[in-house]
Amino acid sequence: MTEKQQTRTTRTNGLERSLAFERLLLELSASLVQCQPEELDGEINRALGRLGHFLGADRACLYRLSTAGAGPVGSLACTHAWQAADSGPEADGNEDPMDLHSCPKLLQEFCLGNGIQVTELEALADTKRQELERRGIHSMLLAPVSRSNQRAGFIVLGSGRGAIDWPEEALTGLRVLARICLSALDGQEMATTLNRLAFHDPLTDLPNRKLLHDRLSRALARNRRAGRRLVVLLLDIDDFKLANDNLGHAGGDRLLYKIASRLREVTEDCDTVARLGGDEFVIVLENARTGQAEAMARAILQRLSDPMEINGQTMVIHPSIGISDSMGDELQPEQLLQNADVAMYAAKAAGKNRFEFFDSTMAEGTDRDLSLRYQLSEAIENNELSILFQPRVTLATRTIAGAEALIRWKHPTRGLLQPDDFVGFAERSELICALDHWVLHQAAEQAAEWFQSNPDFVLSVNLSARELHETYRMDQLIQAIHESGIPVDRLELELTENLLMKNVGQASENLDALKKAVPGLRFAIDDFGSGYSSLNYLRQLPIDTLKMDQVFTRDLGRKNPRGRAIVRAIIELGHALELAVVAEGVRTGKQAMSLQELGCEQGQGYFFSSPVSQTELTAMIASENIEKRTISRL
Ligand code: C2E
Ligand code: MG
Ligand code: MG
């Protein structure tokens, strides 16, 4: 072959090689761009291998640079790698066969230049040569990629076998491929981030409602098959709005972040902690042991009550927690969360900073009830509650013997509410106790001058029997009585028989204890005869007064001899048990007369007076109004 022919052949070969290289680049680029995100890592490793192989290298790496790191090149990481089988221990795509991290001179050049092309080490300055020699690299090609004038990473090929005369187009080709790899990785990261954002709360990084729902569905299905218990704790931060107003928006966010961290601390890795939104969080205990939910609720109350520093302010926050569980029911996630929500509102209504287990009676209330219950818990602080007094009149003398305190709620949007509108649902939660104690305190204060002007004046206050069924409430009641400052022998607590009868034994034990702790305190059975027909309990309970229900009074004065006979029987029964008898709902003079004839001591009702304010009752007592009205009507 002539020299001319030889040159042509070499040129043709070079051209063919260039074309083949271009084809390879096109092929690799296409597969990198088209692959699924989960296939990308494998695809990059494969591309590095084919590239290295084509160019005669025995190792190839993709390095990425994150500007977040410290140092001249931020944080540099070899994210993908290939190593020829015959060039030492095989790299599996995670190991770094080049180990360029500790090559400061080279990296400096990488930061400044367009690329590094080393055919043989002899051409290099001492320090750089030594850096490569130490890694067994004799030849190297490094193609950097920049984005927005910042280095983003590079692909580097190396050979430990000897010098490689890198083709002219190799550096450009490598740079193209590096750019494609880095863009694809960015895209993959973006997809991961978007995916995370769709299922996680960006502020706390906790699972959001969507993911919680998903996890709950799966866990419920698993548990149903295995017959295990799943528990949901839903917590809402008490008065978060105040904290938020105090701290400002950014401070409020920090507070939520800290709350999330504390919840993670008290839970185990297998528990789900999610943020529903706002200041509501949910914890799911899959396969919960007996007592675990309560222990968890206590741990949360305890941990969250530790003071927190936010923006230089010390904050103490508390949650209200509702707990529901899946045992025995085919519940869907939404129902489970709704039950926990109902229980959480019950905890709020019962005074906040506590937990309540869901029970089906809580669900009897409508949504309107729920929000009312919550509003009622705020009503005391907002000064929306007030008391009216209805006089109790001694029938023989027609003088005021005492008065019953009756609560009213001036609702901000619904106007004046009567006890029937809210006492019922307050009674289904512990809120009723707070309410009754408030009434006791207020009524005692307002009645002070009546005690002074009339040494026999008795104040009646309604008390939910719920307090009597729970022994630990008794101490609080005793304290409330003492704190009210009322002369205790002038206080009569009215208990409705319906509630009292739920557990007569317990109630009677507690009433005895109460009488012992507060000597002179009186008890009345309210609405007597309206509920339970069994009279047996009358013997068991240490009561002083029977308040006959108004249905019996209503029959008096009508031509109804049986009605009169029943009233007579009730009054006689009361007297036989040495109880005072008060007739409720006296609406006419005739009824008042009949009751007096039958030996009933006192009456209460619209005939004498409807419930009135403190000022009105004071005026009534002073002007002996009752007597005048009674006489004029008779
Ligand atoms: P109660 O203790 O039997 O109180 C008497 C109720 O009968 C009062 O209704 C009173 O306004 C009404 N009343 C009085 N005279 C007449 C009358 O001549 N005819 C008729 N038809 N009604 C009359 P109010 O104030 O609506 O209270 C209803 C119930 O709510 C009370 O019945 C009591 O059980 C409960 N309640 C009221 N205040 C409180 C409270 O502070 N705590 C608790 N736990 N319950 C309360
Ligand atoms: Mg009453
Ligand atoms: Mg009554």
Side-chain angles (χ1 to χ4, degrees), residues 349 376 379-380 384-393 395 400 402-410 416-447 458-469 473 477 480 484 491-500 522-531 543-557 570 581-592 595 602-613 616-617 626 629-630 633:
L376 183 55
I380 295 182
E384 291 163 13
L385 300 180
S386 61
I387 299 174
L388 294 181
F389 294 93
Q390 188 174 36
R392 245 161 77 166
V393 174
L395 292 172
I400 295 176
E404 176 177 5
L406 295 162
I407 194 165
R408 296 292 181 268
W409 178 11
K410 194 156 184 284
L416 188 69
L417 299 184
Q418 305 295 319
D420 283 351
D421 298 324
F422 59 93
V423 165
F425 66 70
E427 227 146 30
R428 287 202 288 274
S429 77
E430 292 189 14
L431 180 59
I432 191 67
C433 302
L435 215 71
D436 284 348
H437 293 185
W438 180 86
V439 171
L440 180 64
H441 200 269
Q442 288 292 314
E445 205 172 281
Q446 296 189 30
V458 171
L459 175 70
S460 305
V461 173
N462 293 285
L463 185 77
S464 161
R466 191 185 162 106
E467 310 198 30
L468 299 175
H469 294 313
R473 293 260 162 244
L477 178 59
S484 74
L491 175 63
E492 186 161 274
L493 296 179
E494 296 191 5
L495 305 146
T496 52
E497 57 175 356
N498 283 3
L499 283 169
L500 211 49
R522 302 163 58 85
F523 296 116
I525 298 268
D526 205 352
D527 306 340
F528 178 78
S530 64
I543 43 174
D544 305 274
T545 305
L546 271 191
K547 287 191 83 175
M548 183 173 68
D549 195 78
Q550 48 181 282
V551 292
F552 303 110
T553 311
R554 211 175 294 150
D555 282 346
L556 280 176
I570 292 175
V581 180
V582 180
E584 293 188 295
V586 183
R587 302 189 77 156
T588 67
K590 262 194 176 157
Q591 289 169 347
L595 287 162
Q602 291 180 10
Q604 179 180 337
Y606 296 160
F607 174 65
F608 301 115
S609 167
S610 54
V612 292
S613 70
E616 286 171 297
L617 188 61
I626 296 283
R629 187 132 69 105
T630 310
R633 286 200 182 194

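Indexing begins at 1, ligand by ligand and atom by atom, following the structure's order.
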Test your reading of the model: is there a side-chain donor-acceptor pair from [X] to the backbone of [Y], 3.5 Å cut-off?
X      : Y      : answer
Asp544 : Phe523 : yes
Asp436 : Ser464 : yes
Gln591 : Thr588 : yes

Exercise for the section: Record the part of Asp527 in heavy-atom contact with ligand 1 below 4.0 Å; permitted values are side chain, backbone, both and neither. Expected result: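 Side chain only.
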
Exercise for the section: For ligand 1, note which part of Lys547 has a heavy atom under 4.0 Å away: side chain, backbone, both or neither. Expected result: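 Near ligand 1, Lys547 shows nothing, with every heavy atom at 4.0 Å or more.
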
[atom]: nearest protein contact (heavy atom, Å):
atom                    : result
atom 18 (O) of ligand 1 : Tyr606 N, 2.9 Å
atom 11 (O) of ligand 1 : Pro611 CG, 3.4 Å
atom 15 (N) of ligand 1 : Gln390 NE2, 2.9 Å
atom 35 (C) of ligand 1 : Pro419 CB, 4.1 Å
atom 32 (O) of ligand 1 : Asp526 OD2, 4.5 Å
atom 45 (N) of ligand 1 : Asn462 CB, 3.5 Å
atom 7 (O) of ligand 1  : Gln550 NE2, 3.6 Å
atom 42 (N) of ligand 1 : Asp436 OD1, 2.8 Å

Any idea which atoms of ligand 1 are less than 4.0 Å away from a heavy-atom of [X]?
X      : value
Glu584 : 3 (O)
Gly605 : 15 (N), 18 (O)
Glu494 : 2 (O)
Val439 : 41 (O)

For [atom], decide whether some protein heavy-atom distance is shorter than 4.0 Å.
atom                    : value
atom 24 (P) of ligand 1 : yes
atom 37 (C) of ligand 1 : yes
atom 9 (O) of ligand 1  : no

Exercise for the section: Could you grab the protein N, O or S atoms closer than 2.8 Å to the Mg ion (ligand 2) for me? Expected result: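 The answer is Glu404 OE2, Asn462 OD1, Glu494 OE1, Asp526 OD2.
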
Practice task
State, yes or no, whether a side-chain contact exists between Ile387 and Trp438 at a heavy-atom distance under 4.5 Å.
Solution key: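 Sidechains of Trp438 and Ile387: in contact.
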
Handout entry: Non-hydrogen atom of Arg408 closer than 4.0 Å to ligand 1
Key =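 Yes.
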
Exercise for the section: Run the contact test for Gln604 against ligand 1 with a 4.0 Å cut-off on heavy atoms, strictly below, and give the result. Expected result: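 The answer is no: ligand 1 sits nowhere under 4.0 Å from a heavy atom of Gln604.
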
Exercise for the section: List for me each residue that meets salt bridge (Lys or Arg N to Asp or Glu O under 4.0 Å) alongside Glu584, sequence neighbours excluded, and say none if there are none. Expected result: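 In terms of salt bridge (Lys or Arg N to Asp or Glu O under 4.0 Å), with neighbours along the sequence ignored, Glu584 is linked to no residue.
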
Could you tell me whether the side chains of [X] and [Y] share a donor-acceptor contact shorter than 3.5 Å?
X      : Y      : value
Gln550 : Thr553 : no
Gln604 : Arg392 : no
Glu404 : Gln390 : no

Handout entry: Min N/O separation Ile407 to ligand 1 under 3.5 Å
Key =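 For ligand 1, there is an N or O atom that lies under 3.5 Å from one belonging to Ile407.
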
